[in-house]
2 protein chains.
Amino acid sequence: MKDLVSRCPIEEVMRVLSGRWPTLLIYYLKEGTKRFSELQRDNPTVSHRMLSLELRKLEQAGIVERTVFDGYPLRVEYDLTRAGLDLVPLIDALGDWWTETDTARVIVSNEKA
Amino acid sequence: MKDLVSRCPIEEVMRVLSGRWPTLLIYYLKEGTKRFSELQRDNPTVSHRMLSLELRKLEQAGIVERTVFDGYPLRVEYDLTRAGLDLVPLIDALGDWWTETDTARVIVSNEKA
DNA sequence: TGTAAATTACGCACTTTTTTGTAACCCTGG
DNA sequence: CCAGGGTTACAAAAAAGTGCGTAATTTACA
């Protein structure tokens, strides 16, 4: 589902999750089903081109499921897959880690001052 | 320890971990102390400019500690900090997640074939 | 009644911005 | 002149933003 050039799974995950958007999109999608335009509203700074490309990448990685409803105007819905849902706590853990280490750094600089 | 433009910790971690090198360097550094040239040998495809830049980024993020030993030729050692060590299992978990979902995808395509 | 406009989720071409690579230079003692 | 661990300037490549076009139906309005 992707050209696996490397043998290292970490390298491969990071190829999918790297960049500004993938984790953010997962973050918003964990609230539930979202349409393209909702994701745009959730994150106004992403261009529709990027949103489209990133969603496609996440879909190919098996993280996001895309459902098209025929009719006009067209309607497309995005959900996290099972695998995508499993990924959520791992990403949250990274966020928590960051918050903790950031606090630690503040304490250290207080001691020095 | 970094210009925190966003409020979202996930966005901030990913700014540090995004790209090909950060997780790889952490991966090699978890084996223990490494010198610049050792890291180059561990990963021959990284240019020394990138290695330098990425190590500096990880240092500023509080993940890596840099120790300079005076004397010639110069000697510089890199270690994971406490925070860096804490990060290791989180990154490993991502790798495991990838391996699992990849297997799942293979099974699915077998069923379809 | 005719028609223009809006709607949704993009694709495509083009431009700008950011990231990465290449190569050359620095320092100092042996 | 080498080693080790860089830095800096310049070039190439990759990623991201901009804006137009498209589909078929509904609504807006003269």
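A note on names: the letters A, B, ... follow the listed sequences, proteins ahead of strands, and every chain is numbered from 1. Quick note: numbers below take in every heavy atom, side chains included, and nothing from hydrogens, waters or symmetry partners.
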### Query
In whole angstrom, what separates B:Leu51's CG from D:dT8's P?
17 Å
#### Entry: With sequence neighbours excluded, residues passing side-chain contact (heavy atoms from CB on, under 4.5 Å) with B:Thr99
A:Pro9
### Query
salt bridge (Lys or Arg N to Asp or Glu O under 4.0 Å) with A:Arg35: which residues, sequence neighbours excluded?
none
### Task
Report the distance from atom CH2 of B:Trp21 to atom C1' of C:dT18, rounded to the nearest whole Å.
17 Å
### Query
Angle, rounded to 10°, between the helical axes spanning five pairs at each terminus of the helix from C:dT1-D:dA30 to C:dG30-D:dC1?
50°
### Query
How would nucleotides 5-16 of chain C be written as a contact map, 5' to 3', with B for base contact, S for sugar-phosphate-only contact and - for no contact, using protein heavy atoms under 4.0 Å?
--BSSBB-B---
### Query
Mind checking what makes salt bridge (Lys or Arg N to Asp or Glu O under 4.0 Å) contact with A:Asp96, not counting sequence neighbours?
none
### Query
side-chain contact (heavy atoms from CB on, under 4.5 Å) with A:Phe36: which residues, sequence neighbours excluded?
A:Gln40, A:His48, A:Leu51, A:Ser52, A:Leu55, A:Tyr78
### Task
Quickly work out the A:Arg20 CZ to D:dA15 C1' distance and round it to whole Å.
13 Å
### Summary
Those residues at least two apart in sequence (or on a different chain) that pass salt bridge (Lys or Arg N to Asp or Glu O under 4.0 Å) with B:Glu65 are none
### Message
Once side-chain contact (heavy atoms from CB on, under 4.5 Å) is applied, do any residues pair with A:Tyr28, and if so which ones, sequence neighbours excluded?
### Response
A:Glu31, A:Leu39, A:Asp42, A:Asn43
#### Entry: Test: A:Lys30 and A:Asp92 ion pair at under 4.0 Å
yes
### Query
In whole angstrom, what separates A:Arg15's CZ from D:dA14's P?
13 Å
Run the side-chain donor-acceptor check on residues 79-88 of chain B: report pairs under 3.5 Å with partners two or more places apart or on a different chain.
| residue | atom | partner | partner atom | Å |
| --- | --- | --- | --- | --- |
| B:Asp79 | OD1 | B:Thr33 | OG1 | 2.4 |
| B:Thr81 | OG1 | B:Gly62 | O | 2.6 |
| B:Thr81 | OG1 | B:Ile63 | O | 3.2 |
| B:Thr81 | OG1 | B:Ala83 | N | 3.4 |
| B:Thr81 | OG1 | B:Gly84 | N | 3.0 |
| B:Arg82 | NH2 | B:Asp86 | OD1 | 3.2 |

